[in-house]
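We use all heavy atoms of the structure for the numbers below, so side chains are in, but hydrogens, waters and symmetry mates are not.
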Amino acid sequence: MAGLAWLDALATPLWLLHPDGLTFWLNAAARALSGLERDAPAAAVRVILSSRCPTALQQAAAGRTVEARATIHAPLTLPLEVDLRLVPAPRPSGLVLAEAPADSGARQEMMRLNEQLIALSYAYPDIRFELLRDGTILDFAAASPGDLNVPAERFLAHRVQEVLPDPAAGMLAAALGRLNEGQTVIGLDFSLPPPPGQAGAIKFFEARLVALPDSDRVMCSIRNVTERVEAESAARRAHHLLSDAIECITEGFVLYDAQDRLVLCNGRYRELFSANTDLITPGASFEEVLRGGVERGVYRVPHGDLEGWIARRIEQHRSAGPPMEMQLHDGRWIRIEEWRTYEGGTVGIRADITDLKAREAELSAARDEAEQANQRKSDYVHHLSHELRTPLNAVLGFAQIIHDEMMGPNNPRYRDYAGQIAAAGVYMLDLINNLLDLARIEAGRMDLHEEACNLSLLVDLTFGMMQPRACEAAVALCMEIPDDLPSLHADASQIRQMLTNLIGNAIKFAPAKDGRVRVRAELTEDGGIALTVADNGIGMRPEQIPVALDAFGQVHGRNQGHNQGRDRTAERGSGLGLPLTRALIALHGGTFHIDSRVGAGTTVRLTFPPCRVGGGTRPS
């Protein structure tokens, strides 16, 4: 600096200081003492007076000569404590000239120690900060300062919470606050994304802040643990992948170590031995688990041979012998397969083969027992084949007559035959659709397309579709639904299907004269809606109702009923209407009730819960 060049050559370290301790200028000896590079700015050095003479700089600036103890802070070096003589500077005015004692030997030793400490700081992987309690950075050292995505020069004379990016800045600021409240050591973890506009991965860090006793300083070390975090994450992913794979095995899986202690098992293994779950814990020996299961009656052990059975089972386990079958006390059969690992452990698979054993028993059982066990299935297939074969034969027969023109070309009766073909096709399609709907409901795959439904409109539409059949059978259709009945939140197509099934049955079995079908809807006492279909047909006996509710169950013959004079070919029934209706109302969370008496008719009541009425809470 002009006018001060002659001071630069002096061996005595000199500083020109602002009253707040920031360095305005320093000579070569002071740079050497502070370890400051020749081209580094003077403002990088800060002089902080000890607490015993905090106003010495202000006194010197006012014209007094003051002796004081101070700490010199400079980048990349440890703080240096020196005794200074402070006098007012001749110029520029308002500055203080600080002179250190000429103890060059001690200074050189201190510089040597500083250099060693700096070298150690750079060799240490952590990023180290020396901070004031407010976060001001007095000093820092780092082998890789760029790890924090911040240029090294920004660390000088700034507060750490203002320099570091979020979330690190906020976390360190909070930690400093806790130190100021009395805590002495704080550890925290944080991660930093790559700088904006730059590619890269997230970095992970561990930080530790220590408040120095009898001082207003805080030591903060930050370690880049990205490699460790990524390695731990990869190990966790591999472990989770292996665990998921083991859990996905449909058989029970278990692993014992070389000392025959349980290492792990999957959920299926615990399910197979659910009565023994509290014993199936890591570290338990195979013999402990086995004996505990025997004591609790898990296994079916021959009477009088308890210890012999246990000994044979342990020997078979330790030798990893051929597969064996074991029956549990509840009747299930388990197939056991075990293999030895390279480290001397044992891997085991437990498969539930109860079904296989049951099939073996079925094959060895007498034919009459097998037929009785499969009678329901045979009846179901018989009904289905009959219901499909009858209209299909009609389709084939009429189609062959039309194709061969057996009644001459362009015979007007061919139109009737085509109508018969179409009716039979519609019947088979309805039958197949009903079967598919039942299958979907039983499998839990039937979806509800819910909306606000007007029951009056739905009943009216259904009456319009059923009116031709009702007229042919001389059956009167009557609707009794109040005008102020709230809307019903349900699947409109399924409600129409239920109405079609019930009204169709009522028309089919109506009396020959004065047949009536009445559809009513009303609010129940708990706020639900009851939809009732009642007829005055032939009715059923109480013991016949379960048959009617079974798939393909038909209480009355094809041509039974009071109205025997009409052609009932178009009114064949599959026996699926009532079972499907009961399944559909259950799908809506409602109830199905049927009341019938011979000669007095049948009444079916469908009750929808209050949550489906008007603005009620919808079912989840």
Backbone N/O of Leu578 and side chain of Asn501: donor-acceptor pair under 3.5 Å: no
side-chain contact (heavy atoms from CB on, under 4.5 Å) evaluation trace for Leu272 with Arg332: CA-CA 9 Å; Leu272 292 173; Arg332 290 179 299 158; 3.8 Å; yes
Residue pair Phe273 / Val298: nearest heavy atoms and the distance that separates them: CD2-CG1, 4.1 Å
Shortest non-hydrogen separation from Ile529 to Ser487 and the atoms involved: CD1-O, 4.5 Å
Non-hydrogen side-chain atoms of Leu523 and Pro486 separated by less than 4.5 Å: yes
Chi angles and distances behind the side-chain contact (heavy atoms from CB on, under 4.5 Å) call for Gln467, Leu477: CA-CA 8 Å; Gln467 192 64 47; Leu477 302 180; 3.7 Å; yes
Lys/Arg-Asp/Glu bridge criterion (N-O < 4.0 Å) met for Lys357, Glu360: yes
Under 3.5 Å: donor-acceptor pair, side chain of Thr532, backbone of Arg605: no
Side-chain (Arg612) to main-chain (His489) donor-acceptor, under 3.5 angstrom: yes
Lys/Arg N to Asp/Glu carboxylate O, Arg350 vs Glu338, below 4.0 Å: yes
Atom of Gly331, atom of Gln327 and distance for their closest heavy-atom approach: O-NE2, 3.6 Å
Thr346 and Trp339: CA distance, side-chain angles, deciding distance, side-chain contact (heavy atoms from CB on, under 4.5 Å) verdict: CA-CA 6 Å; Thr346 304; Trp339 302 270; over 6 Å; no
Pairs meeting criterion side-chain hydrogen bond (donor to acceptor under 3.5 Å, both in side chains) with involvement of residues 271-280, two or more places apart: Arg268-Glu271, Asp278-Arg296
Evaluation steps, side-chain contact (heavy atoms from CB on, under 4.5 Å), between Cys453 and Leu458: CA-CA 8 Å; Cys453 301; Leu458 293 179; 3.9 Å; yes
Sub-4.5 Å side-chain heavy-atom contact between Phe509 and Thr602: no
His588 side chain to Asp491 backbone, donor-acceptor under 3.5 Å: yes
Glu543 atom CD: more than 12 heavy-atom contacts under 6.0 Å: yes
Asn266 side chain vs Phe253 backbone, donor-acceptor pair below 3.5 Å: yes
Salt bridge flag under 4.0 Å for residues Glu295 and Arg291: no
Within 6.0 angstrom of Asp514 CG, more than 12 heavy atoms from elsewhere: no
Side chain to side chain, Leu485 and Glu522, heavy atoms closer than 4.5 Å: no
Gap separating the CE atom of Met466 from the SG atom of Cys471, nearest 0.5 angstrom: 11.5 Å
Close side-chain approach of Phe608 to Leu488, heavy-atom, < 4.5 Å: yes
Salt-bridge contact Arg335-Glu337 (side-chain N to carboxylate O under 4.0 Å): yes
Near-ring test His317/Tyr256, centroid separation under 6.0 angstrom: yes
Ile495 versus Leu455, closest heavy-atom pair with distance: CG2-CD2, 4.2 Å
Tyr299 and Trp309 aromatic ring geometry - parallel, tilted or perpendicular at 30°/60° bounds: tilted
Thr500 side-chain N/O to Arg496 backbone N/O, donor-acceptor pair under 3.5 Å: yes
Leu262 side chain near Thr281 side chain, heavy-atom distance below 4.5 Å: no
Backbone N/O of Arg541 and side chain of Gln544: donor-acceptor pair under 3.5 Å: yes
Atom CZ of Arg300: over 12 foreign heavy atoms under 6.0 Å: yes
Sidechain N-carboxylate O distance under 4.0 Å for Asp244, Arg237: no
Contact summary for Thr591 and Ile585, nearest pair of heavy atoms: O-CG1, 3.6 Å
